[in-house]
Amino acid sequence: MFQVNDNYLKLPGSYLFSTIGKKVQAYSQANPDKTIIRLGIGDVTQPLVPAIIKAMHEAVEDMAHKETFHGYAPDLGYDFLRNAIANQDYKARGCQIEADEIFISDGAKCDCGNIQEIFAESSRIAVCDPVYPVYVDSNVMAGRTGEYDSASGTWSRVIYMPCTAENGFVPELPKETPDLIYLCIPNNPTGTTLTKEQLKVWVDYANRVGAVILYDAAYEAYISEKEVPHSIFEIEGARTCAIEFRSFSKNAGFTGVRLGFTVIPKDLKSGQVMVHSLWARRHGTKFNGAPYITQKAAMAVYSEEGKAQVQEQVAYYMRNARVIYDSLKDSGYEVYGGVNAPYIWLKTPKGMTSWDFFDYLLEKANVVGTPGSGFGPSGEGYFRLTAFGTYENTAAAIERIRGL
Ligand code: PLP
C-alpha cells in the first residue's frame with residue numbers, strides 16, 4: 001500500500017486565510033444586507049498600468065507569427081529581463097550582482113517555499129515571529145521542523161525570533177545557531193523594516209556562524225525612508241551569505257500574472273559547492289521557464305514610462321496606508337508599519353486577543369482584517385490591515401472603525 005509524506009499530516013489543520021474566509025462567509029450568509037470591506041488578504045486591487053498592458057499586447061502579437069513566436073523560455077529567464085534587473089535593481093544601487101546570478105520564476109512564493117530543498121535535511125531554520133507562513137510550512141513538508149506544539153503554536157526544531165513592539169520589531173540574534181535564517185524586509189505582517197546598520201549585524205552574524213540569510217524583499221517597492229536598504233546586497237559581505245527573493249506582484253500588480261526572481265551570488269558556497277549551481281540544477285529540472293508574454297510585461301516595469309506608472313500605483317496604495325495609520329493613531333490605537341510597507345500592524349485594544357478583535361471588527365464594523373496570531377505566537381494581541389484596497393473602501397473601512 002502506498003504511503004503519503006506524513007510530514008504533510010503534521011501541518012496544523014486550516015490555513016489562516018481559509019479560516020478567515022469561512023468566518024466571513026458565515027457572517028455574510030447570516031447578514032446579507034451588510035456590505036463587508038476586506039482589508040485582510042494582501043492582494044492588489046488596481047489594474048495593470050498602461051505600459052504593461054501595451055507590452056503584453058505586443059508580446060501576444062509576437063506569439064501570433066512564425067517569425068516572432070516563442071516556445072519554451074530559457075529555464076533561468078530571458079537575458080533581456082535578467083540584464084534589466086541586474087542593471088536597474090542592483091548595479092544602479094551599487095550592488096555587485098550580475099545577470100547570470102538572477103533566476104526568473106513565476107513568483108516569490110514558489111521560490112521562498114522551494115529554496116529549502118537545496119539545503120541539508122538537518123538544517124536548523126530561524127524565523128521571525130510573527131512570520132509569513134510559507135517559510136515554516138515548506139520546512140514542515142520537508143520534515144525539518146520537529147513536532148508541533150498546538151498550545152504555543154510552535155515547532156520544536158524551529159528557532160523563533162520574536163518581533164514585538166518591545167524590541168521595535170527588530171529580531172535579536174538567536175542563542176542557538178541556525179543554518180538558514182528567513183528575513184522578510186519590509187516585513188509581512190508587521191510592516192516594519194531594518195536599517196542598513198541593523199541588517200549589517202545580520203550579515204556579519206551569518207558570515208561568522210556560516211548561515212544563509214533567505215531575504216524576502218517582496219515589498220521592496222514600498223520603501224520610502226533613505227536609511228532602509230532595498231536589497232540585502234547593499235550590505236557589504238552579503239554575497240557570501242545571502243539569497244534574495246523579489247516579486248512583481250506588489251510593485252506592478254502581477255499577483256494574477258505571476259513573475260518573480262531569486263538572486264544567488266556565485267560567492268555563496270558550502271565548501272567548494274556553489275549554491276548557485278544547485279538552484280540552477282533544481283530550476284532546470286523542475287521549472288520550464290516563465291512565459292515570454294509575462295517576461296515582456298515585466299520589461300515594461302523597467303521602461304521610463306512603466307517605471308513612472310508603477311510608482312504612481314505604489315503611491316496610491318501608500319496613500320491608503322497613511323490614511324489607515326494616521327486615522328487609527330488619531331483614534332488612540334497603537335499602530336506600526338505603513339511607512340515602508342503596505343501593511344499596518346496594530347495592537348488590539350483593551351487586551352483583546354487577535355481573533356476576538358477580528359470577530360469584533362467583522363460584526364461591529366463589517367471590516368475584515370487578519371489576526372496577528374495567525375502569523376505566529378508573538379503576533380497574538382496584534383492585527384494586520386492591508387493598504388491594497390481601493391482608496392474609497394479603505395477610507396470607508398477606517399471611518400467605520402473610528403465610529404466604534
Ligand atoms: N513573500 C511575501 C512576504 C509575501 O507576502 C508574498 C505575498 O503575499 C509573497 C512572497 C508572494 O509573492 P508572489 O506573488 O510573487 O508569489
Side-chain angles (χ1 to χ4, degrees), residues 5-12 101 103 105 108-149 152-163 171-185 187 199 201-218 232-233 235 237-245 262-283 285-287 375-377:
N5 173 353
D6 60 9
N7 292 319
Y8 277 64
L9 307 180
K10 294 183 188 170
L11 287 164
E101 294 175 316
F103 299 78
S105 72
K109 188 179 196 174
C110 306
D111 287 355
C112 60
N114 290 328
I115 196 78
Q116 44 76 28
E117 274 184 30
I118 60 169
F119 295 100
E121 200 182 324
S122 58
S123 306
R124 285 290 302 273
I125 70 158
V127 293
C128 292
D129 168 26
V131 69
Y132 179 53
V134 172
Y135 314 144
V136 175
D137 285 0
S138 55
N139 279 285
V140 173
M141 292 167 178
R144 203 176 276 121
T145 49
E147 296 308 315
Y148 187 62
D149 174 28
S152 62
T154 58
W155 295 90
S156 60
R157 272 183 60 202
V158 175
I159 300 167
Y160 291 89
M161 304 182 292
C163 297
E172 283 157 32
L173 297 176
K175 290 187 181 65
E176 298 165 89
T177 307
D179 300 295
L180 307 175
I181 303 164
Y182 288 87
L183 291 181
C184 173
I185 312 288
N187 190 260
L199 188 53
V201 171
W202 281 94
V203 168
D204 290 347
Y205 170 77
N207 277 321
R208 193 166 66 245
V209 301
V212 179
I213 298 176
L214 302 169
Y215 193 79
D216 186 345
I232 194 167
F233 299 113
I235 311 297
R239 280 188 60 86
T240 50
C241 70
I243 292 176
E244 179 162 296
F245 306 101
T262 289
V263 182
I264 308 188
K266 291 184 179 166
D267 297 345
L268 180 63
K269 291 180 182 167
S270 169
Q272 290 307 305
V273 179
M274 282 200 303
V275 174
H276 181 280
S277 312
L278 264 60
W279 188 244
R281 188 72 174 85
R282 191 247 167 231
H283 219 53
T285 303
K286 296 194 174 183
F287 185 65
F375 297 100

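Basis for what follows: all heavy atoms, side chains included, without hydrogens, waters or symmetry-related copies. Positions are given from 1, in the same order as the sequence printed here.
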Residue of the set Arg144, Glu121, Arg124 for which side-chain hydrogen bond (donor to acceptor under 3.5 Å, both in side chains) holds with Asn139:
Arg144
Rounded at 0.5 Å granularity, tell me how far CD1 in Ile159 sits from CD in Glu176.
5.0 Å
Please check if the side chain of Glu244 supplies one atom and the backbone of Ile232 the other of a donor-acceptor pair under 3.5 Å.
yes
Please name the pair of heavy atoms, one in Trp155 and one in Thr145, separated by the smallest distance, quoted to 0.1 Å.
CB-O, 3.3 Å
If you round to the nearest 0.5 Å, how far is CE of Met161 from NZ of Lys175?
12.0 Å
Could you please spell out the steps behind the side chain to side chain contact (heavy atoms under 4.5 Å, CB included) verdict for Ile213 and Leu199?
CA-CA 11 Å; Ile213 298 176; Leu199 188 53; 5.5 Å; no
Chi angles and distances behind the side chain to side chain contact (heavy atoms under 4.5 Å, CB included) call for Ile243, Tyr215
CA-CA 6 Å; Ile243 292 176; Tyr215 193 79; over 6 Å; no
Out of curiosity, Gln116 CD to Asn114 CG, how far, rounded to the nearest 0.5 Å?
7.0 Å
For Tyr148 and Pro12, which heavy atoms make the closest approach, and how far apart are they?
CZ-CG, 3.7 Å
Find the distance between CH2 (Trp279) and CE (Met274) and round it off to the nearest 0.5 Å.
15.5 Å
Taken to the nearest 0.5 Å, the spacing of Lys109 NZ from Ser138 OG works out to 10.5 Å
Do Pro377 and Ser152 come close enough that some side-chain heavy atom pair is under 4.5 Å?
no
Relative to each other, are the rings of Tyr205 and Trp202 parallel, tilted or perpendicular (30° and 60° limits)?
perpendicular
Shortest non-hydrogen separation from Lys10 to Glu147 and the atoms involved:
NZ-OE2, 3.7 Å
Thr240 and Asn207 side chains, donor-acceptor separation under 3.5 Å:
yes
What are the two closest heavy atoms between Lys266 and Glu101, and how far apart are they?
N-OE2, 2.9 Å
Under 4.5 Å between any side-chain heavy atoms of Ser105 and His283, yes or no?
yes
Passes side chain to side chain contact (heavy atoms under 4.5 Å, CB included), Ser156 versus Asp149? Steps please.
CA-CA 7 Å; Ser156 60; Asp149 174 28; over 6 Å; no
Please report the closest heavy-atom contact between Gly113 and Val134, naming both atoms and the distance.
CA-CG1, 3.9 Å
Enter the distance from Asp216:CG to Cys128:SG here, rounded to the nearest 0.5 Å.
11.0 Å
If you define the side chain from C-beta out and look only at heavy atoms, does anything of Tyr132 sit under 4.5 Å from Cys112?
yes
Taking all non-hydrogen atoms of both residues into account, name the closest pair between Ile181 and Pro178 and its distance.
CG1-CG, 3.7 Å
Give a yes or no on whether the backbone of Cys184 and the side-chain of Asn187 come within a donor-acceptor separation of less than 3.5 Å.
yes
Before you tell me yes or no, could you show the steps for Val275 and Val212 under side chain to side chain contact (heavy atoms under 4.5 Å, CB included), namely the whole-Å CA-CA distance, both residues' side-chain angles and the distance that decides it to 0.1 Å?
CA-CA 10 Å; Val275 174; Val212 179; 5.6 Å; no
Is there a donor-acceptor contact under 3.5 Å from the side chain of Arg157 to the main chain of Ser122?
yes
Aromatic ring pairing Tyr182/Tyr135, orientation class (parallel under 30°, perpendicular over 60°, tilted between)
parallel
